[in-house]
Amino acid sequence: MEKTEGEIIRAKLDSDQSQSQISHLALDIGGSLIKLVYFSKNNGSSDDDDGNNKHLVLQGRLHFAKFETCKINDCIEFIRSKKLHFGGDAIVKLEQLSWYFISSSTTSLKVHSGVRLHDAPASDKILVKATGGGAYKFADLIKEKLGIVVEKEDEMDCLVAGANFLLKAVHQEAFTYMDGQKEFVHIDINDLYPYLLVNIGSGVSMIKVDGDGKFERISGTSVGGGTFWGLGRLLTKCKSFDELLELSREGNNRVIDMLVGDIYGGVDYSKIGLLSTAIASSFGKAISDNKELEDYKPEDVARSLLRLISNNIGQIAYLNALQFGLKRIFFAGFFIRGHAYTMDTISVGVHFWSKGEAKAMFLRHEGFLGSLGAFMSYDKHGLDDLSTHQLVQRFPVSGTNAGEKICCPLVGDLNDNDSIECGVYAA
Ligand SMILES: Nc1ncnc2c1ncn2[C@@H]1O[C@H](COP(=O)(O)OP(=O)(O)OP(=O)(O)O)[C@@H](O)[C@H]1O
Ligand SMILES: CC(C)(CO)[C@@H](O)C(=O)NCCC(=O)O
């Protein structure tokens, strides 16, 4: 029998936990999904080959997991059964946190960080960092069921902190995706800002980022991932988001979308630069076809809907980038789900509207920006002390050098039960 998502996570954790202790759980509780990040220490330290082993004080993994927000009780049960909220045997305080990845593969990333460890001051209260609207909505429930106090962190602060961390510290995090080609982008941390962060969750936030902690939410739209999943569920009867996404792969949007050619008798409207194949009106054919919903194939509906939402977000993002003179746009949030057609649609849209001036980029850990930001807020001051220059210098020089564009096939979803191997070094 096929295992459920919860069972897979549980089995993995059972094996992890036989050799590790958990510390530092952080949550991002959004309108659709709850994202968890936590660090598990392996027992004992071990030697490493990067020349820093004399400073190694801790080794472990950074874990990622997610639950649907409507199943918050499963998430609470998961935290309780794995004792994630107790921080293992001892809660440690992370100081001078300086994560830097020393190697990466398609399935796991190895990260080392410089920290000082102290036992947390004895306290009756167990505090867990959480962000997203659910940190407010579910604080009482979490206190009641787990006996822990939710320490709320601002959602936008966390998104930006998570994005900056991933972009600066994680090797091969950002990539472009166009015409089926994935290309990793080298990030020059001295030339990272300003950029536009477009976080596509249930709704969409567009944030102009000018530095660490320096940002402005310049726009947003309620037509986001929740719209795609909500409308898609009603229109196709799909039982899960992934099923809807999978369905869209096989569909043909031209069956339902009204194309320029449908209006112009098969020819382009070249005077204003519109090909006959361009969508003139999403779902527009449904008005004239005299058909009912049942007459359309669910896969065609799913495809049209995905293009509608992705195009719309791509266009609004581009208009904001134009208004603020931003050339780089990073798209994140769980709506993207590493899905080829979604990324392609967004990229083509941004490329088309900007006449090739602006670039759409995506992040491998797209859905975990907020939870990573909350995780790192355990020690803001330590992070502020970080020399980002140092982070890059300490990257290993591997076969896939930073600075070069690397082409590789699209890897699967790195967000599900992904973990990052970590070593923690004394600063
Ligand atoms: N397994 C899933 N179940 C539900 N939605 C999913 C799933 N996987 C991807 N999604 C998509 O991701 C969206 C949620 O993304 P994300 O977790 O980034 O946002 P959120 O934090 O829940 O929302 P918000 O920030 O607006 O409160 C959903 O609306 C849906 O489009
Ligand atoms: C309300 C939030 C910030 C909650 O995450 C998000 O869903 C969002 O940005 N919605 C779009 C709201 C708007 O700007 O119209």
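Both ligands and their constituent atoms are indexed starting at 1 by order of listing.
Classification of R307 and D257 as a salt-bridged pair fails, no side-chain N sitting under 4.0 Å from a carboxylate O. Salt bridge present: R337 and D242 bring a charged side-chain N and a carboxylate O closer than 4.0 Å.
Here the protein heavy atom with the shortest distance to atom 10 (N) of ligand 2 is G203 CA, 3.6 Å. The protein heavy atom nearest to atom 5 (O) of ligand 2 is E155 OE2, 2.5 Å. Protein heavy atom closest to atom 11 (C) of ligand 2, with residue, atom name and distance, is T221 O, 3.4 Å.
For atom 15 (O) of ligand 2, the nearest non-hydrogen atom from the set G370, G133, G225, S222 belongs to S222. Of the options E68, K35, R233, the smallest heavy-atom separation from atom 21 (O) of ligand 1 is shown by K35. Evaluated by nearest non-hydrogen atom to atom 12 (C) of ligand 2, the leading choice among M156, R217, M206 is R217.
When each atom of ligand 2 is checked for a heavy atom of G220 under 4.0 Å away, the hits are 13 (C), 14 (O).
In terms of N/O distances under 3.5 Å, ligand 1 is not approached by D28. Here's the thing with G226: one of its N/O atoms is less than 3.5 angstrom from an N/O atom of ligand 1. Among the atoms of G333, none of the N or O lies under 3.5 angstrom from an N or O of ligand 1. Looking at ligand 1, you won't find any N or O of F241 less than 3.5 Å from one of its N or O atoms. Residue N199 places no N or O, backbone or side chain, under 3.5 Å from any N or O of ligand 1. For ligand 1, the polar-atom distance check against S32 finds a nitrogen or oxygen pair separated by under 3.5 Å. Close N/O approach between F228 and ligand 1 is not found [any backbone or side-chain N/O within under 3.5 Å].
Note on ring orientation: taking the six-membered ring where Trp is involved, the planes of Y38 and H63 are parallel (angle under 30°, cut-offs 30° and 60°). Between F67 and F78, the ring planes lie tilted relative to each other; the angle falls in the 30° to 60° range.
Of the heavy atoms in S205, both backbone and side-chain atoms come closer than 4.0 Å to ligand 2. If you look at F334 next to ligand 1, the close heavy atoms, those under 4.0 Å, come from the backbone and the side chain alike. Under 4.0 angstrom from ligand 2, there are no non-hydrogen atoms of N199.
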